[in-house]
Amino acid sequence: MLSVEQNEILMQTGAGTLMGELMRRYWQPIAAVAELDDNPVKPVRLLSEDLVLYKDKAGTYGLVDRQCPHRRADLSYGWPEECGLRCSYHGWNFDEQGHCIGQPFEETAHPDAHFKDKITIKAYPVEAKVGPQ
């Protein structure tokens, strides 16, 4: 029989926990490919993290942090672009690797600042294993 402490070690899957770090080394099924046909953006909770699964217009899948680093807007309300997912609040665009690839106002007001190159969010690799790819 496991003690309460041992059971907690086995059950906690958040980032930085023993089981969380172990489980992040393996592929996890998160959705069926067909789930993104009608709505290409889906909020998911995986290993105690709130994330957003999306398929952009180029057919690339991404799994990124659910909250935009600018004002913490919910990216599950974002819309897919030709490349990446655009935040519905201020329009920041993130690719499947979590890099900010577009900031509408900053690119117009301060094109030489390259502020977007300093912004990233958490992202995990995604692969379609079954279904149309």
Side-chain angles (χ1 to χ4, degrees):
M1 180 133 213
L2 294 176
S3 68
V4 172
E5 293 81 18
Q6 291 170 324
N7 191 44
E8 285 181 9
I9 289 172
L10 292 176
M11 299 303 295
Q12 294 178 356
T13 59
T17 64
L18 290 175
M19 285 306 288
E21 295 305 312
L22 174 68
M23 296 300 289
R24 281 168 176 75
R25 296 178 186 186
Y26 299 94
W27 287 100
Q28 305 291 326
I30 53 174
V33 170
E35 289 182 53
L36 298 177
D37 288 344
D38 294 333
N39 186 4
V41 180
K42 177 183 174 112
V44 296
R45 183 158 175 87
L46 182 66
L47 299 175
S48 303
E49 288 187 82
D50 292 319
L51 305 166
V52 175
L53 175 66
Y54 72 91
K55 180 180 177 183
D56 67 17
K57 292 182 179 178
T60 304
Y61 294 96
L63 182 65
V64 296
D65 195 5
R66 187 158 176 185
Q67 294 177 318
C68 179
H70 184 240
R71 307 287 185 188
R72 308 289 293 161
D74 190 339
L75 287 174
S76 68
Y77 295 109
W79 60 90
E81 293 283 331
E82 191 60 38
C83 179
L85 181 67
R86 187 169 298 276
C87 177
S88 62
Y89 192 66
H90 277 115
W92 287 16
N93 194 9
F94 297 93
D95 68 8
E96 73 278 1
Q97 296 175 346
H99 300 119
C100 184
I101 57 174
Q103 294 176 323
F105 178 75
E106 296 296 328
E107 292 169 352
T108 303
H110 307 287
D112 297 330
H114 302 288
F115 183 64
K116 67 180 171 61
D117 299 333
K118 301 172 187 171
I119 304 297
T120 60
I121 58 174
K122 188 181 323 178
Y124 294 100
V126 177
E127 287 185 21
K129 290 294 189 185
V130 179
Q133 298 176 21

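Just so you know, these numbers use all the heavy atoms, side chains as well, and skip hydrogens, waters and symmetry mates.
- Of the possible polar contacts, none joining the Thr120 side chain to the Gly98 backbone as a donor-acceptor pair under 3.5 Å is found.
- Screening residues 73-85 for salt bridge (charged side-chain N to carboxylate O under 4.0 Å, His left out), with sequence neighbours left out, gives Arg66-Asp74, Glu81-Arg86.
- Shortest non-hydrogen contact noted between Ser48 and Thr13 is OG-OG1, 3.0 Å.
- Using a 4.5 Å cut-off on side-chain heavy atoms (C-beta onward), Asp50 and Pro43 make no contact.
- Across all non-hydrogen atoms, the minimal contact from Phe94 to Cys68 is CE1-SG, 3.8 Å.
- Between the CE atom of Met23 and the CG atom of Leu46 there is a distance of 8.5 Å, given to the nearest 0.5 Å.
- For the residue pair Gly62 and Val126, the shortest heavy atom distance occurs at C-CG2, 3.9 Å.
- Nearest heavy atoms, Thr108 versus Pro111: O-CD, 3.8 Å.
- Between His110 and Phe105, the angle of the ring planes goes over 60°, which puts this pair in the perpendicular group of the 30/60° scheme.
- If you take CE on Met11 and CG on Leu2, they are separated by 10.5 Å, rounding to the nearest 0.5 Å.
- The environment of CZ in Arg45 is crowded: more than 12 heavy-atom neighbours from other residues, nucleotides or ligands sit within 6.0 Å.
- For the atom pair Glu96 CD and Leu53 CG, the distance stands at 12.5 Å (nearest 0.5 Å).
- Interatomic distance, CE of Met1 versus CD of Gln6, reported as 11.0 Å (0.5 Å rounding).
- One finds the NZ atom of Lys55 at 4.0 Å from the OH atom of Tyr61 (value rounded to the nearest 0.5 Å).
- A donor-acceptor contact shorter than 3.5 Å links the side chain of Asp56 to the backbone of Gly84.
- Using a distance-only test at 3.5 Å, with no hydrogens or angles considered, no donor-acceptor pair links the side chain of Asp65 to the main chain of Ile121.
- Contact detail for Met19 and Gln12: the closest heavy-atom pair is CB-O, 3.3 Å.
- Here the side chains of Arg71 and His90 are in contact, with some heavy-atom distance below 4.5 Å.
- In the hydrophobic cluster analysis, where Ile, Leu, Val, Met, Phe, Trp and Tyr join through side-chain heavy atoms closer than 4.5 angstrom, Tyr124 is grouped apart from Ile119.
- Screening residues 22-54 for ring pair (Phe, Tyr, Trp, His ring centres under 6.0 Å), with sequence neighbours left out, gives no hits.
- Residues Tyr77 and Cys87 have side chains not in contact (no heavy-atom distance under 4.5 Å, counting atoms from C-beta outward).
- With sequence neighbours excluded, the residues satisfying side chain to side chain contact (heavy atoms under 4.5 Å, CB included) with Arg72 are Gln67.
- Legend: salt bridge (charged side-chain N to carboxylate O under 4.0 Å, His left out) pairs involving residues 13-24, not counting sequence neighbours, sorted by first then second residue: Arg24-Glu49.
- Not counting sequence neighbours, the partners of Lys42 by the salt bridge (charged side-chain N to carboxylate O under 4.0 Å, His left out) test are Glu35.
- Looking at Asn93, its side chain does come within 3.5 Å of a backbone N or O of Cys83 through a donor-acceptor pair.
- Listed by chain and residue number, nothing satisfies the ring-ring contact (aromatic ring centres under 6.0 Å, His included) test with His114 (two or more places apart in sequence, or in another chain).
- Hydrophobic cluster membership differs between Leu10 and Leu18, with clusters built from Ile, Leu, Val, Met, Phe, Trp and Tyr side chains linked at under 4.5 angstrom.
- Taking CG from Leu51 and CD1 from Ile30, the interatomic distance works out to 8.0 Å, rounded to the nearest 0.5 Å.
- The shortest heavy-atom contact between Leu85 and Val64 is CD2-CG2, 4.5 Å.
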Exercise for the section: Using the side chain to side chain contact (heavy atoms under 4.5 Å, CB included) rule, take Val52 and Val41 through it: C-alpha gap first, then chi angles, then the decisive distance, then the call. Expected result: CA-CA 7 Å; Val52 175; Val41 180; 3.6 Å; yes
